[in-house]
Amino acid sequence: MFIKELPSSGESGTESSPLGFLLSSKHTHSLSSSSELPPPPAGMEGCSNLFQKCMPYLAMMLLQIGYAGMNIITKVSLNHGMSHYVLVAYRHFFATISIAPFALVFERRKARPKMSFLVFMQIFVLALLGSVIDQNFYYAGLKLTSPTFSCAMSNMLPAMTFVLAVICRMEKVHLKKVSCQAKAVGTLVTVAGAMLMTLYKGPAMDMAWTKHAHPPHSNAPTAAGGDDSTDEDWLKGCIFLIISTLAWAFLFILQAATLKKYDAPLSLTSLICFVGTLQATAVTLIMEHKPSVWRIGFDMNLLAAAYAGIVTSSIAYYVQGLVMQDKGPVFASAFSPLMMIIVAIMDSFILAEKIYLGGVIGAVIIVVGLYSVLWGKHRESKEMEKEMEMEMEMEAMDIPVAVGVEEIMEQDVSPVAENSMKANKEDS
């Protein structure tokens, strides 16, 4: 999602890691043009180019599968009474110790940018948005609703990212163009779907495979009458999820700006996770006063913290940053419906959670709005490519025209100059 200017010389941050090597096409061209190695066959070069083009899509799809597993495992852990404040603190601790060695190895030879006060403040705010605001509100909303509902609300992310990108002048809006109209309408539709999911819960929908299923044992408090949660808790959970998604969108925008000044993705991720660990620990000490909440064993709580830290914090932050560098901020947030589908299947089979009519209708509306935004973004990128091609063609046509004009002027001027010189000689 990052709009990043690649350096003119030297290695870029995208190429200093295994995944960055695959996302970049420089290495393929350098190998094919080397005098020491023979050029690869045409078919092999075509497959390599195709793989490099598909790599961002594959990376984001795998990332959504990782997010889906995190939602299910975390929901089970929260149902067993684990504090979401403690979970966030442990999550960033595992993220830090898992990503920092890669930063030391792959970015060891690269000259890291200087740590200015502005960059440090940006890292501090990134950690605040990610570890304190986004994850704590998301876990709180997840505990009060369900994994499927939480993922559906997260589909608001592209629309929120688009609005913030426009405000920060990372996206241009020309309402006369069809692409901008599609993005604006998609944003409004997405917000309407989220409002529907928030204000209308609707009746529970019984799936054929969940009629005889029993949800796993939960230590979380339940509402009177045997319902999973009261309407008040459901509304509160919706608000928490909206706040979380808004913080997530802010994180995307700020992360894009930070990478322009601190072009070391692995090191930046490590610093964000480390500062996030300190912030999450401070928040936990303020909100949780019992030392027993920090107790963790070889159980689901440890699995939830380790999985969330390694997969959806360290790996996700880094992969997300690389994809945003290559494809821009809206593209990186375009795959969230895939996570919702995977979570819905796993949720109904594993947790036997109830799916409500309002959530289904709202999710469908959000997905329609989401792909309206994505279609507008895709068309806009195509228009920009055509404009760049036309500019290059015009520049290529201007060079011979200018040369031809100069030659004609020389041919036209030279006889006149000769005649004037002869006349001057005769007069003298």
Side-chain angles (χ1 to χ4, degrees), residues 1-10 12-15 20 22-33 39 42-43 45-57 59-60 158-159 161-187 252-253 256-257 259-260 263 321-335 369-412:
M1 190 160 86
F2 289 122
I3 304 171
K4 177 177 178 291
E5 298 179 0
L6 294 177
S8 58
S9 62
S12 66
T14 310
E15 298 175 1
L22 295 174
L23 288 174
S24 176
S25 59
K26 286 184 177 180
H27 295 279
T28 303
H29 296 305
S30 64
L31 287 177
S32 62
S33 61
E45 186 176 0
C47 292
S48 177
N49 293 333
L50 178 62
F51 179 73
Q52 289 170 3
K53 291 181 180 179
C54 294
M55 192 63 193
Y57 297 87
M60 292 306 300
T161 305
F162 169 68
V163 173
L164 293 176
V166 171
I167 295 174
C168 298
R169 297 181 180 180
M170 298 175 69
E171 293 274 348
K172 295 181 179 180
V173 177
H174 303 284
L175 293 179
K176 293 183 180 180
K177 292 185 177 180
V178 179
S179 58
C180 291
Q181 293 174 2
K183 290 192 289 186
V185 172
T187 301
F252 275 3
I253 299 299
L259 266 177
K260 292 181 179 180
D263 186 18
L322 291 179
V323 174
M324 284 190 287
Q325 284 180 343
D326 186 40
K327 292 293 184 179
V330 178
F331 177 87
S333 59
F335 292 81
L370 166 70
Y371 283 106
S372 177
V373 174
L374 297 178
W375 181 84
K377 181 65 178 176
H378 176 72
R379 177 161 181 157
E380 184 183 45
S381 63
K382 292 295 183 182
E383 292 174 353
M384 292 178 63
E385 290 179 0
K386 289 182 180 179
E387 291 178 358
M388 292 179 63
E389 290 177 358
M390 291 179 61
E391 289 179 359
M392 293 176 65
E393 290 177 358
M394 292 296 294
E395 290 178 357
M397 293 175 61
D398 288 342
I399 296 174
V401 169
V403 173
V405 170
E406 290 178 357
E407 291 177 353
I408 293 172
M409 290 181 65
E410 289 178 358
Q411 292 176 1
D412 293 340

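Every value quoted in this text rests on a predicted model; they were computed, and no experiment measured them. In what follows, every heavy atom counts, from backbone to side chain, and hydrogens, waters and symmetry copies are set aside.
Shown here for S179 and G376, the closest heavy-atom pair between the two residues is CB-O, 3.3 Å. Closest non-hydrogen pair, C168 versus I253, comes out as SG-CG2, 3.7 Å.
Scanning for side-chain contact (heavy atoms from CB on, under 4.5 Å) contacts around V185 gives V189, with sequence neighbours left out. Every residue meeting the side-chain contact (heavy atoms from CB on, under 4.5 Å) condition with S372, not counting sequence neighbours, appears here in chain and number order: A182.
Each of K382, E387, M388, E383 was scored for a side chain to side chain contact (heavy atoms under 4.5 Å, CB included) with E385, with one residue passing: K382.
Between atom CD of residue E393 and atom CE of residue M390 there is a gap of 7.5 Å, rounded to the nearest 0.5 Å.
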